[in-house]
Amino acid sequence: MLPTVDVCFKGLMYNPKVRKGFIAALLKADPASVRETILLPTALRQEYPDEKLGILDVRTMMEDGAQINMEMQVESFKHWDARSLFYLSKMYTEQLNKGDSYEKLKKCIHVSILDFVRFAKELQSDNEVIRWMRFLAGKTRKEFEEMAGTSEYIEEAYRELERMSADERARLEYEARQKAIRDHDAIMKSAWENGLESGMKQGLEQGLEQGMEQGLELGRQSIIQKMLDNGASPEEIMGLTGATQGEVEKAQNEAAREL
């Protein structure tokens with residue numbers, strides 16, 4: 001099981017020791033100072049029936065009341081910044097009920113764990129957060145084992161990963177989630193390819209149609225020009241070719257400019 005699949009990541013964070021070590025790394029704090037982390041409901045409150053629903057991955061509350069939302073995102077998301085701000089704002093504002101004082105508001109932190117480059121392309125340091133990211137990005141048993149040796153909390157995460165991988169129910173949920181992700185990707189890819197093919201076909205048809213129209217127009221102008229050169233009157237040309245007075249005048253003006 002890979003930690004980048006959201007159900008696996010959630011399973012890891014449900015382990016109190018793993019959650020404690022990971023949050024300590026995020027806050028750059030001594031794990032001993034992170035005394036309590038409580039899991040909260042992940043569905044954000046809706047004030048109105050038509051209000052956008054927000055579902056978080058892992059939401060915890062610290063001993064001082066501060067909240068942390070941790071989101072795993074494996075696919076590139078164009079508006080991830082806006083989405084993160086929306087969730088963070090909802091978390092912050094829903095702390096207050098009618099009549100509550102603003103003093104009740106506590107710090108809210110949003111953490112995005114992305115399986116794609118969003119900001120810096122190079123790692124600036126090898127701190128505890130980077131070690132956690134390397135563990136979460138692992139793809140093989142060897143990579144997980146190597147990172148497990150760097151911290152007792154990452155080692156606990158590796159042991160939890162082994163336990164989940166051996167659990168039939170957890171494995172079925174994991175595989176169902178992977179299938180849903182693959183199906184979604186296949187549908188999106190098919191829609192893109194169909195849209196691209198349709199767009200190219202439509203563009204080609206429009207191009208051919210426009211080309212034919214331009215070709216016919218140039219051909220008619222050439223015929224009008226030759227008839228004018230041979231002394232035909234505008235009335236004769238319009239009667240024989242069906243050209244409009246404007247087309248004949250256009251040919252006459254072009255002939256005058258050439259002289």
Side-chain angles (χ1 to χ4, degrees), residues 1-40 42 56-63 66-77 80-81 84 87 109-182 185:
M1 295 174 69
L2 300 180
T4 47
V5 177
D6 54 3
V7 293
C8 183
F9 173 70
K10 292 177 186 178
L12 290 175
M13 291 301 124
Y14 289 166
N15 181 307
K17 184 174 181 179
V18 175
R19 190 167 67 250
K20 177 178 182 176
F22 186 59
I23 290 175
L26 294 173
L27 301 179
K28 297 181 180 180
D30 182 345
S33 67
V34 183
R35 289 191 288 259
E36 186 177 26
T37 61
I38 302 171
L39 290 172
L40 296 176
T42 56
L56 310 178
D57 280 353
V58 180
R59 183 183 184 185
T60 65
M61 185 168 66
M62 308 293 288
E63 188 177 31
Q67 293 186 39
I68 302 178
N69 170 41
M70 294 172 282
E71 295 285 311
M72 174 64 73
Q73 178 69 23
V74 297
E75 295 293 334
S76 182
F77 195 96
W80 183 257
D81 300 352
S84 301
Y87 279 3
I109 302 170
H110 176 91
V111 180
S112 295
I113 304 156
L114 309 179
D115 198 26
F116 56 91
V117 176
R118 186 70 183 90
F119 299 109
K121 293 185 178 180
E122 296 182 1
L123 302 180
Q124 301 299 319
S125 62
D126 188 23
N127 57 29
E128 190 66 15
V129 171
I130 299 302
R131 287 190 279 274
W132 272 102
M133 292 305 104
R134 286 180 175 147
F135 172 79
L136 294 175
K139 296 292 187 291
T140 66
R141 180 179 293 274
K142 181 180 178 181
E143 291 175 322
F144 292 131
E145 289 177 345
E146 287 177 353
M147 296 313 301
T150 65
S151 159
E152 65 173 291
Y153 299 98
I154 296 180
E155 181 180 6
E156 176 65 20
Y158 176 51
R159 300 305 172 204
E160 184 64 36
L161 189 62
E162 287 186 315
R163 286 191 286 268
M164 287 193 295
S165 298
D167 185 280
E168 184 177 358
R169 182 175 179 178
R171 169 65 72 174
L172 289 173
E173 184 180 3
Y174 173 85
E175 291 176 351
R177 180 57 178 154
Q178 276 198 313
K179 181 179 182 301
I181 293 172
R182 286 195 298 267
D185 291 345

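This is a predicted model, so every value here is computed, not measured. Because only heavy atoms are used, hydrogens play no part in the values below, and waters and symmetry mates are left out as well, while side chains stay in.
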(request) Identify the two heavy atoms, one from T4 and one from L136, that lie closest to each other, and give their separation to 0.1 Å. (result) CG2-O, 3.5 Å

(request) Scan I113, L12, I154 and name whichever one has a side chain to side chain contact (heavy atoms under 4.5 Å, CB included) with F22. (result) I113

(request) State plainly whether the residues E156 and R163 are in salt-bridge range, i.e. N to O under 4.0 Å. (result) yes

(message) One pair to check against side chain to side chain contact (heavy atoms under 4.5 Å, CB included): I109 and L27. What are the steps and the verdict?
(response) CA-CA 10 Å; I109 302 170; L27 301 179; 3.8 Å; yes

(message) Does atom NZ (K28) have a neighbourhood of more than 12 heavy atoms from anything else shown, all under 6.0 Å?
(response) no

(request) Would you give the length of the straight line joining atom OG1 of T60 to atom CG of L40, rounded to the nearest 0.5 angstrom? (result) 7.0 Å

(message) Please report the interatomic distance CE(M70) to CD1(I23), rounded to the nearest 0.5 Å.
(response) 4.5 Å

(request) Look up atom CZ in R141 and atom CD in E146, then write down how far apart they are to the nearest 0.5 Å. (result) 13.0 Å

(request) Starting at CD of Q67, measure out to CE of M62 and round the result to the nearest 0.5 Å. (result) 11.5 Å

(message) Could you check whether R169 pairs with E173 (Lys NZ or Arg NE/NH1/NH2 to Asp/Glu carboxylate O, under 4.0 Å)?
(response) no

(request) Let me see the working for C8 and L161 under side chain to side chain contact (heavy atoms under 4.5 Å, CB included), right down to the final yes or no. (result) CA-CA 8 Å; C8 183; L161 189 62; 3.4 Å; yes

(request) Quick one: do N15 and Y153 satisfy side chain to side chain contact (heavy atoms under 4.5 Å, CB included)? Show the steps, please. (result) CA-CA 10 Å; N15 181 307; Y153 299 98; over 6 Å; no

(message) Any salt bridge linking R159 with E162? Criterion: basic side-chain nitrogen under 4.0 Å from a carboxylate oxygen.
(response) yes

(request) Ignoring hydrogens and angles, tell me if any N or O in the side chain of R19 forms a donor-acceptor pair with the backbone of T37 under 3.5 Å. (result) yes

(request) Working to the nearest 0.5 Å, report the span between CE of M13 and CG of D6. (result) 13.0 Å

(message) When you measure from the side chain of S112 to the backbone of L114, do you find a donor-acceptor pair of N or O atoms at a distance under 3.5 Å?
(response) no

(message) So, taking the atom named CE in M164 and the one named OH in Y174, what distance separates them when rounded to the nearest 0.5 Å?
(response) 9.5 Å

(message) For a side chain to side chain contact (heavy atoms under 4.5 Å, CB included) check, start with the C-alpha distance between E128 and S151, then their side-chain angles and the critical distance, and finish with the verdict.
(response) CA-CA 9 Å; E128 190 66 15; S151 159; 3.4 Å; yes

(request) Grab the two heavy atoms, one from H110 and one from S84, that are nearest each other, plus how far apart they are. (result) NE2-OG, 3.3 Å

(request) List the atom of A157, the atom of F135, and the distance in Å for their closest heavy-atom pair. (result) CB-CE2, 3.6 Å

(message) To check you understand the geometry: which heavy-atom pair defines the closest contact between G138 and F144, and what is its length?
(response) O-CZ, 3.3 Å

(request) Using the salt bridge (charged side-chain N to carboxylate O under 4.0 Å, His left out) rule, take K17 and E160 through it: C-alpha gap first, then chi angles, then the decisive distance, then the call. (result) CA-CA 10 Å; K17 184 174 181 179; E160 184 64 36; over 6 Å; no

